[in-house]
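Throughout, residue positions are numbered sequentially from 1 according to the sequence presented. None of the values given here were measured: they were computed from a predicted structure.
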Amino acid sequence: MATPPPRRHRAARATMATPPPPELLHGRSLLDLAADLIPEILLRLPPHDPGQLVRCTTVCKPWRRLLTDPAFLRRYREFHGAPPMLGFLFYLELPRDRFVARFVRTTPFRPRALDHRGCYVRDARHGRVLFSNVTNEETKHDLLVWNPITGERWGLPLPVISGMEWNVTVLCAAAAREGGGECDHLDCHRGPSLVAFVGSDEDGTTCAYVYSSEAATWSDAAYAEHNNDLAIMDMEPCTLVRNRTYCLAAESKTIVEYDLGRRKLIDRPLSYQGRAVLMPAMGGGLGFAGVRGSCLYLWSRETGPDRTATWTQSRVLELSTLPGRAPLNEPATVGFAEGLGVIFVRTDAGVFAINLKSGRVKKMSNREGIYHVIPYTSFHTPDHATG
């Protein structure tokens with residue numbers, strides 16, 4: 001005899017009924033709480049992949065309004081802190097005595113121009129890139145300032161170059177004020193900028209000028225006298241610490257400090273032989289990095305109780321023991337990403353980025369003959385992408 005089917009209980013039928021309305025939590029529905037979570041989720045999208053934010057603006061109009069809202073974007077930048085590295089630039093020699101400054105992408109961000117013919121990249125900071133124009137016939141300016149985010153480029157003349165070795169750096173105008181002014185440098189690439197010029201000659205004279213984009217002119221010169229040639233400027237990238245710029249001179253034997261606020265030049269001798277890079281120290285102040293053998297040495301300049309500044313070796317990294325280590329034939333430091341704690345080391349196998357916090361090593365380029373790496377750091381948010 002066949003077994004009769006089991007009898008369905010009323011409780012089972014009740015579970016198939018229409019679900020109840022969303023429960024209330026502290027007087028609010030779950031749908032309202034989910035709407036509050038969306039900004040927190042979008043806030044945590046990684047800044048080194050700016051395409052994610054741009055794609056999210058196409059989901060719906062409320063998301064687009066949120067992701068282009070200045071208050072949200074200001075909070076987004078403050079949440080992530082230091083701007084990400086969107087790419088780096090270097091000087092590339094081409095056949096027939098031609099050369100180009102090339103932008104190498106490290107993220108999906110792509111500027112309108114990757115190559116700048118006849119230009120030598122000098123510096124990049126606060127959303128701007130500075131070139132010296134050598135043979136570019138498109139413009140007659142000696143220096144070019146480029147904004148990769150907006151594509152804007154403008155030129156300016158050099159104040160003086162006759163018989164001088166010189167170096168230049170670009171920065172936000174607020175950085176010249178003590179404490180950095182009112183700008184946090186997270187989104188200042190559209191504001192006024194400065195170009196600092198420091199030059200020296202074989203007679204022992206060093207001069208400095210500052211160009212203001214607001215005034216569209218160079219300042220009066222500040223001079224310092226030296227008894228020897230230790231202030232002949234190197235071509236190495238400068239660094240900015242608070243409102244002071246620092247430039248290497250005399251084959252990294254000397255550091256020239258230029259106080260942007262007081263317009264004063266100070267010679268900084270350093271007992272180190274070989275190629276090096278300047279950088280902000282981890283605890284503030286000036287830092288210095290160089291390679292000897294298979295070790296990367298880091299120094300910081302510290303002021304003691306008697307207000308005397310001295311160099312202190314802060315750290316030694318054995319490159320052969322780092323994870324993902326690079327071949328160590330002829331290593332040399334060639335650049336530093338300010339705010340990110342990443343130093344660039346060149347070997348005969350290419351250029352490698354070393355994160356000083358984690359010790360991680362990443363290969364950035366297979367190309368040989370790269371002598372300077374100029375990182376470009378900036379946020380690229382939907383308001384920039386949509387103009």
Side-chain angles (χ1 to χ4, degrees), residues 85 88-93 104 106 121 123 167 228-239 241 246-257 267-302 309-375:
M85 184 174 69
F88 65 90
L89 298 101
F90 68 96
Y91 168 85
L92 176 64
E93 294 184 358
V104 178
T106 59
V121 59
D123 192 31
N167 210 337
N228 47 46
D229 61 352
L230 288 181
I232 299 299
M233 305 303 301
D234 291 349
M235 296 287 288
E236 308 296 331
C238 303
T239 194
V241 179
Y246 295 88
C247 306
L248 286 169
E251 300 179 353
S252 302
K253 298 175 184 176
T254 302
I255 297 173
V256 176
E257 177 191 85
D267 186 42
R268 296 293 189 187
L270 183 64
S271 58
Y272 177 82
Q273 301 291 331
R275 191 182 183 91
V277 295
L278 297 174
M279 60 187 184
M282 299 297 292
L286 179 63
F288 184 93
V291 175
R292 284 180 178 173
S294 62
C295 292
L296 174 65
Y297 293 88
L298 305 177
W299 287 269
S300 61
R301 191 164 179 80
E302 301 176 356
T310 58
W311 287 100
T312 302
Q313 184 175 294
S314 58
R315 191 176 177 187
V316 179
L317 290 178
E318 176 59 54
L319 300 180
S320 61
T321 62
L322 294 177
R325 64 182 179 87
L328 295 177
N329 294 332
E330 301 179 1
T333 51
V334 291
F336 182 79
E338 296 178 2
L340 300 179
V342 175
I343 194 167
F344 297 88
V345 175
R346 180 199 70 206
T347 72
D348 61 349
V351 175
F352 297 82
I354 301 175
N355 190 306
L356 298 179
K357 295 180 181 179
S358 65
R360 295 183 60 185
V361 180
K362 181 179 180 181
K363 192 170 188 178
M364 307 302 293
S365 175
N366 293 320
R367 191 178 295 274
E368 297 181 7
I370 296 179
Y371 296 97
H372 303 111
V373 170
I374 308 293

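Sorted by first then second residue, the salt bridge (Lys or Arg N to Asp or Glu O under 4.0 Å) pairs that include residues 277-289, not counting sequence neighbours, number zero.
Note that SG of Cys295 and CG of Leu319 are 7.0 Å apart. Values are rounded to the nearest 0.5 Å. Separation of atoms CG (Leu278) and CD (Glu257) is listed at 11.0 Å; rounding is to 0.5 Å. Of the inter-residue distances, the one linking Ile255 atom CD1 with Trp311 atom CH2 reads 4.0 Å to the nearest 0.5 angstrom. The distance from atom CD of Glu236 to atom NE2 of His372, rounded to the nearest 0.5 Å, is 3.5 Å. Within the model, atoms CG of Leu298 and CG of Leu296 stand 5.0 Å from one another, a figure rounded to the nearest 0.5 Å. Separation of atoms CG (Leu286) and CE (Met279) is listed at 9.0 Å; rounding is to 0.5 Å.
Panel note: side chain Lys363, backbone Ala353; no donor-acceptor pair is recorded below 3.5 Å. Without hydrogens or angle criteria, Thr312 side chain to Ser314 main chain gives no donor-acceptor distance under 3.5 Å. Within the 3.5 Å criterion, the main-chain N or O of Pro237 finds no donor-acceptor partner in the side chain of Asp123.
Between Ile343 and Ala289, the closest heavy-atom pair is CD1-CB, 3.4 Å. Here the closest heavy-atom approach between residue Leu317 and residue Leu356 is recorded as CD1-CD2, 3.7 Å. The two residues Gly290 and Trp299 come nearest to each other via the heavy atoms N-CZ3, 4.3 Å. In terms of heavy-atom proximity, Glu338 sits nearest to Cys238 at OE2-O, 4.3 Å. When all heavy atoms are compared, the tightest approach of Pro280 to Val241 is CA-CG2, 4.1 Å.
Side chains of Val351 and Arg367 form no contact here, defined as non-hydrogen atoms less than 4.5 Å apart. Looking at heavy atoms from C-beta onward, Val342 lies out of side-chain contact with Lys357 at the 4.5 angstrom threshold.
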Derivation of the side chain to side chain contact (heavy atoms under 4.5 Å, CB included) call for Tyr371 and Arg346: CA-CA 8 Å; Tyr371 296 97; Arg346 180 199 70 206; 3.0 Å; yes
Run Val121 and Phe90 through side chain to side chain contact (heavy atoms under 4.5 Å, CB included) and show every step you take. CA-CA 7 Å; Val121 59; Phe90 68 96; 5.5 Å; no
If you apply the rule side chain to side chain contact (heavy atoms under 4.5 Å, CB included), what do you find for Arg315 with Tyr297, and how did you get there? CA-CA 6 Å; Arg315 191 176 177 187; Tyr297 293 88; over 6 Å; no
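Annotation: Gln313, atom CD; neighbour count of heavy atoms from other residues, nucleotides and ligands within 6.0 Å is above 12.
A search for side chain to side chain donor-acceptor pair (under 3.5 Å) contacts involving Thr333 returns nothing, not counting sequence neighbours.
Ring orientation note: the planes of Phe88 and Phe344 are tilted relative to one another, at an angle of 30° to 60°.
For the residue pair Thr310 / Glu302, no side-chain donor-acceptor distance below 3.5 Å is found, with atom types taken as modelled.
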